[in-house]
Amino acid sequence: METSSKLVEVKPNDFKPSERWRIIKNILMIGFAFMIQFTAFMGASNLQSSVNVDNSLGTFTLAAIYGSLIFSNIFLPVLMISWLGCKWTIAMSFVAYMPFIAAQFYPRFYTMIPSGLAVGLGGGPLWCAKCTYLTVVSEAYAMISDSGADVLVTRFFGLFFMFYQMAQVWGNLISSAVLSYGSSPHDEVMPNASLVSELCGSNFCGAASATENPNLEPPPIERIHLIAGIYLGCMVAASLIVAFGVDSLTRYDRGRTGSATGQSGLKLLAVTLKLLGEKNQLLILPITIFIGAEQAFLFADYNAAYVSCAWGISNIGYVMICFGVVNAIAAPATGSVVKLTGRVPVMLFAFFLHVVILITLLIWTPQAHGFVFFLISGLWGVCDAIWLVQVNALCGLLFPGKEEAGYSNFKLWEATGSVITYAYSPYLCSNVKLYILIGVLSFGMLCYLIIEYTGGVKRVITQKQPDFQLVASTEKY
């Protein structure tokens, strides 16, 4: 545990040059652990709307995950971080995801829904602890290097999301390799083109579109069990990586005033709820909700209505690999671009590109050939990387000293967007869902521009570097 630490006060000049590499090492270890963890979770999640189709079990399970994540983000992050610290909150939260994978061996409502709820309960503290850890070490690194904390936090989030989005690659590579092993294109029974045009794409209406389509036939149960076993091993490894490979955050946040230092859990909860009354928090909510909604649409509706319906379930993984690769490249790149152009042009670029993608999905009739599927998922990856990196970084900049509360609210409203999208997914056709996404994105972008052009970000960025104390590395892991 994070005990037996010797406190040593130091001035900025007293930090050794090696401390920079130690901070980078911690970020890399956290990023690698998240990549392993979400290799399993993303790979399993992407299959839910196509594999567990009976009574929309998979989609309702995803809704349960994000529904409990809403509760989790309100009540659990600040409490767990104050009790366990960021490092052990991450390690223990990884464990909460394991029942979801185990439930794939026997998918029923009474196994899948409770396991989905467990994922949500662990997700709130997990993401809040990760965001807080990155923000605090970026401030420490800024003091050592005399670089701006606002630039560093964007770079560190970009580096993290590069690892995180690579999980899409490995998770989907595993699922597609297992599902397609031993088969050939000649073994597939493809629906005729007129049936695809009538039932797939923006015309897709859930189970009503699946009755006559052989592409939506679930794969053999033995293949699903093999995938679940691999994924479960990944989650165990991720938890051990954090437990033994990451430094305690107490090394950098002693003497630092923040929302997780020196306050009781109930007071920290009050900070989280109180933040909902601030103007900037209210203005950033719509774009945060959109992030959750666009991810839910991609992982559930795009996979089911476009990829599975027109091309087959075994190809979902390959299409999502393209999304993950592009996302992983775009995440760190966006930090460098922002340094040259500023944040607003990058956000406007993502807005216009995403609107074009959504309109394309409205008018495009998918067919059983891969290029357009990969193009859309790749461009979606660019947009998603920008939304994640920039809005996460913006939360850290808008609420200095209240990072846990700010990131808790981010995940809360991101989860709200996801759970609403998953909840109405079985009942609405794809074209209606696309119109909803366009509306939410447009309103969210308008609110974001109000923050920028009223000086909401500039007012909270101060020139004064925070005071830190370095804790000698005597923690027990």
Side-chain angles (χ1 to χ4, degrees), residues 1-37 81 84-94 126-164 166 237-258 260-261 331-332 335-336 339 389 392-393 396 400-401 403-404 407 465-477:
M1 295 295 291
E2 301 172 7
T3 58
S4 303
S5 297
K6 180 181 178 182
L7 187 61
V8 181
E9 295 189 21
V10 295
K11 298 177 181 179
N13 293 334
D14 293 334
F15 280 102
K16 296 180 180 179
S18 61
E19 197 64 33
R20 299 185 188 184
W21 296 109
R22 186 158 188 163
I23 291 174
I24 296 298
K25 183 269 294 183
N26 287 321
I27 295 173
L28 292 175
M29 294 299 288
I30 289 176
F32 185 69
F34 268 75
M35 182 182 73
I36 299 298
Q37 175 78 4
I81 292 172
L84 301 176
C86 286
K87 168 186 170 176
W88 289 106
T89 296
I90 293 172
M92 296 304 296
S93 295
F94 279 169
L126 173 65
W127 285 96
C128 185
K130 180 274 301 180
C131 291
T132 301
Y133 196 104
L134 294 186
T135 301
V136 171
V137 298
S138 69
E139 292 175 357
Y141 195 96
M143 183 182 68
I144 300 169
S145 64
D146 293 326
S147 300
D150 56 330
V151 174
L152 285 171
V153 71
T154 301
R155 288 182 181 176
F156 286 170
F157 272 107
L159 180 61
F160 167 81
F161 280 112
M162 178 187 71
F163 278 95
Y164 172 71
M166 284 301 291
S239 184
L240 294 176
I241 288 171
V242 174
F244 295 101
V246 176
D247 288 327
S248 166
L249 193 58
T250 55
R251 182 176 181 83
Y252 303 106
D253 71 355
R254 294 292 184 89
R256 174 184 180 276
T257 57
T261 52
S336 300
K339 185 178 180 181
V389 173
N392 268 281
E403 287 87 359
E404 289 91 337
Y407 289 125
Q465 294 283 5
D467 293 328
F468 285 87
Q469 295 172 328
L470 180 63
V471 181
S473 182
T474 57
E475 293 92 342
K476 296 179 180 179
Y477 301 110

Q. Looking at side-chain heavy atoms only, is the closest gap between Leu159 and Met162 below 4.5 Å?
A. yes
**Q.** Shortest non-hydrogen separation from Ser93 to Thr89 and the atoms involved
**A.** OG-O, 2.7 Å
Q. Which of parallel (below 30°), tilted (30 to 60°) and perpendicular (above 60°) describes Trp127 and Tyr164?
A. perpendicular
Q. Looking only at heavy atoms, which two atoms of Lys87 and Val246 are closest? And how far apart?
A. NZ-O, 3.1 Å
Q: Compare every heavy atom of Gly31 with every heavy atom of Phe160, then report the nearest pair and how far apart it is.
A: CD1-CA, 3.9 Å
(Q) Please enumerate all residues that pass ring pair (Phe, Tyr, Trp, His ring centres under 6.0 Å) together with Tyr133, with sequence neighbours excluded. (A) none
Q) What are the two closest non-hydrogen atoms of Val389 and Ala331, and how far apart are they? A) CG2-O, 3.8 Å
Q. Does the ring center of Phe163 lie less than 6.0 Å from the ring center of Phe34?
A. no
Q) Hey, are the side chains of Thr135 and Phe156 touching, using non-hydrogen atoms and a 4.5 Å cut-off? A) no
Q | Worked verdict on Ile30 versus Val242 for side chain to side chain contact (heavy atoms under 4.5 Å, CB included) | A | CA-CA 7 Å; Ile30 289 176; Val242 174; 5.5 Å; no
Q.
I want to check something: taking the side chain as every heavy atom from C-beta on, are Phe32 and Met166 in contact at a cut-off of under 4.5 Å?
A. no
Q: Kindly give the heavy-atom pair with the smallest separation between Phe94 and Ala33, and that separation in Å.
A: CE1-CB, 4.0 Å
Q. Can you name the closest pair of heavy atoms from Met29 and Gly245 and give their distance?
A. CG-O, 3.5 Å
(Q) Within this structure, what is the CZ-CD1 distance for the pair Phe157 and Ile27, rounded to the nearest 0.5 Å? (A) 9.5 Å
**Q.** Gap between atom OG of Ser248 and atom CG of Leu84 - 0.5 Å precision
**A.** 11.0 Å
Q: Evaluate the side chain to side chain contact (heavy atoms under 4.5 Å, CB included) criterion for residues Asn26 and Val137: first the C-alpha distance (whole Å), next the side-chain angles of each, then the deciding distance (0.1 Å), finally the verdict.
A: CA-CA 9 Å; Asn26 287 321; Val137 298; 5.8 Å; no
**Q.** Distance in Å, Leu134 CG paired with Leu152 CG, rounded so as to fall on 0.5 Å steps
**A.** 12.0 Å
**Q.** Those residues that, when tested against Lys25, pass salt bridge (Lys or Arg N to Asp or Glu O under 4.0 Å) (two or more places apart)
**A.** Asp247
